[in-house]
There are 2 protein chains.
Amino acid sequence: MSDSHRGWKDEVYGQVARVGKALASPRRLEILDLLGQEPKSVEELARELGASVANTSQHLRQLSTARLVRSHKRGTYVIYELASPAVAALTASVEDASEALLLELVALRQRGFGDPTDADPLPLDQLHALVACQAVYLIDVRPAAEYAARHLPGAVSVPLPMLAEHFRGWSSPMPVVAYCRGRYCLYARDAVRFLHQQGIRARRTEASVRDWPWEESATG
Amino acid sequence: MSDSHRGWKDEVYGQVARVGKALASPRRLEILDLLGQEPKSVEELARELGASVANTSQHLRQLSTARLVRSHKRGTYVIYELASPAVAALTASVEDASEALLLELVALRQRGFGDPTDADPLPLDQLHALVACQAVYLIDVRPAAEYAARHLPGAVSVPLPMLAEHFRGWSSPMPVVAYCRGRYCLYARDAVRFLHQQGIRARRTEASVRDWPWEESATG
DNA sequence: CAAGTATTCAAGTGAGTGCTATAATATTGC
DNA sequence: GCAATATTATAGCACTCACTTGAATACTTG
């Protein structure tokens, strides 16, 4: 009985495992998070990953055969992007589950944000409210291209290298809130540390373009 | 800049990849689906999988070190169970994503349910309504132990081997709806085929205990 | 058409994985 | 305590995977 279904089940779970295998490498997971920000070229991904171009290309090939990403050519570059929003939802699920199950991961993340000057992150719902009534100065500290692709409504683009220049002579009493790529990105942490050094009220949030309630292409 | 965060990112994504690796094997995915029904012993899982006990034990060990499952002893048996509801949600996410991304999987599933006598499955919301007003006879064709652990409200336990006996002399005009473990289980299909042969109005649903809106331990 | 550049292919290596078969380790029931 | 049984550990095999290196491909630009 159960035996007569064996072949079919093997095939079915074999297919699901194609997706599972794609999620089995740290590099590939990081690639998926990066592509969740914005489509990127192989070279750019390799630079972000600190990996060789050839190696990055191979990982992208695997993600591609598992249908998690797709590519098209733009000029001399091959631009990779997530195959669908379902992929961003999938990686979010895996990361959520990991945080729920692995104490090590929670500890590791606390270690990254453990400096006493790193205030608690601003929760998503509070951010929503504060931005709506313009009570905070929301900055997007990712590279400009990622801001251009998609950003939180009301946010100002201040890439990390521009931070000092942007806040030179800053005297507004309005508190600053910084966001970056999300949970596993330290840009916002670095920004907040710098602003604190300058005596500017600042806080980070773990919200990112992934979490924001998106109406299609509303890039306010 | 990005380089100074490298070590931390490697560790973080390494942790997430622990969960990813656990999802990278067809056998382990099937184990997670089976444990989503009910906690089971190694021996029982091995029988369901058509795998050796030793091999099953090894897979369970991997799932265990990734914290997706946990175990406790009952008599001479070691009973494995999902570590938390988050694991069931995770496997559901992976399967959802696979179905959204892999045409092969959709085709494969259609092949399993492609017989013209297999009517379209009853959607979850319709099932909810029909059960609420007692317009259908809902049968749970999984093994009795899984029914005992958890079942849809209003369902009657009719394990597949008991099907013929249960419906001998059946004359009610009420249509039968059969459910089993879910999307990748063929028990409900087999039950509906049999009932059709007997001239009984029957339909399957892909709803399962995983999909039902559960209030805690309401096993109506 | 030629040069330059972005990407992919191919081969090689060391580590890891899935499976089998066999032995070892409980733990229960007599 | 001894036999029976459920589970896990160990060793070995074929295979896959991640990464590196060096060459090949494809496309743009002059």
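Numbers restart at 1 for each chain; the letters A, B, ... are given by sequence-line order, proteins then strands.
- In terms of phosphate contacts, B:Ser52 brings a side-chain nitrogen or oxygen within less than 4.0 Å of OP1 or OP2 of C:dT20.
- Side-chain atoms of A:Gln58 stay outside donor-acceptor range of the base of C:dT7, with no qualifying N/O pair under 3.5 Å.
- Between A:His59 and D:dC19 there is a side-chain N or O to OP1 or OP2 distance below 4.0 Å.
- Regarding B:Tyr13, its OH atom lies at a distance of 17 Å from the P atom of D:dA18, rounded to whole Å.
- A side-chain donor-acceptor contact under 3.5 Å links B:Arg18 and B:Gln15.
- DNA chain D is contacted by B:Arg61 of residues 61-70 of chain B, taking any non-hydrogen atom closer than 4.0 Å.
- Put simply, CG on A:Leu45 is 15 Å from C1' on C:dT8, counting in whole angstrom units.
- Between the CG atom of A:Asp10 and the P atom of C:dG18 there is a distance of 15 Å, given to the nearest Å.
- Side-chain nitrogen and oxygen atoms of A:Asn55 include at least one within less than 4.0 Å of the OP1 or OP2 phosphate oxygen of D:dC19.
- Put simply, the side chain of A:Leu29 reaches to within 4.5 Å of the side chain of A:Leu23, judged on heavy atoms.
- At least one donor-acceptor pair closer than 3.5 Å links the side chain of A:Arg150 to the backbone N or O of A:Gly36.
- What separates CZ of A:Arg47 from P of C:dA6 is a distance of 10 Å, to the nearest Å.
- Between B:Ser157 and B:His151, the closest side-chain pair of non-hydrogen atoms is not below 4.5 Å.
- Shown here for A:Leu35 and A:Lys40, the closest heavy-atom pair between the two residues is CD2-N, 3.8 Å.
- One can place CG of A:Leu60 at 14 Å from C1' of D:dA18, the figure rounded to the nearest angstrom.
- The separation between A:Leu49 atom CG and D:dA18 atom C1' is 14 Å, rounded to whole Å.
- Rounded to the nearest 0.5 Å, atoms CZ (B:Arg189) and CD (B:Glu206) are 12.5 Å apart.
- With contacts defined as side-chain heavy-atom distances shorter than 4.5 Å, the pair A:Tyr77/A:Val42 does not qualify.
- Atoms CD and NZ, on A:Glu30 and B:Lys9 in that order, are 5.0 Å from each other to the nearest 0.5 Å.
- Nearest heavy atoms, A:Arg210 versus A:Thr91: NH1-OG1, 3.8 Å.
- One can place CZ of B:Arg28 at 12 Å from C1' of C:dC19, the figure rounded to the nearest angstrom.
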Close N/O contacts between protein and nucleotides 1-6 of chain D (under 3.5 Å):
residue : atom : partner : partner atom : Å
D:dA6   : O4'  : B:Thr76 : OG1          : 3.0

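- The distance between atom CD1 of A:Ile79 and atom C1' of D:dT28, rounded to the nearest whole Å, is 15 Å.
- Look at A:Arg74 and you won't find any side-chain N or O under 4.0 angstrom from OP1 or OP2 of D:dC27.
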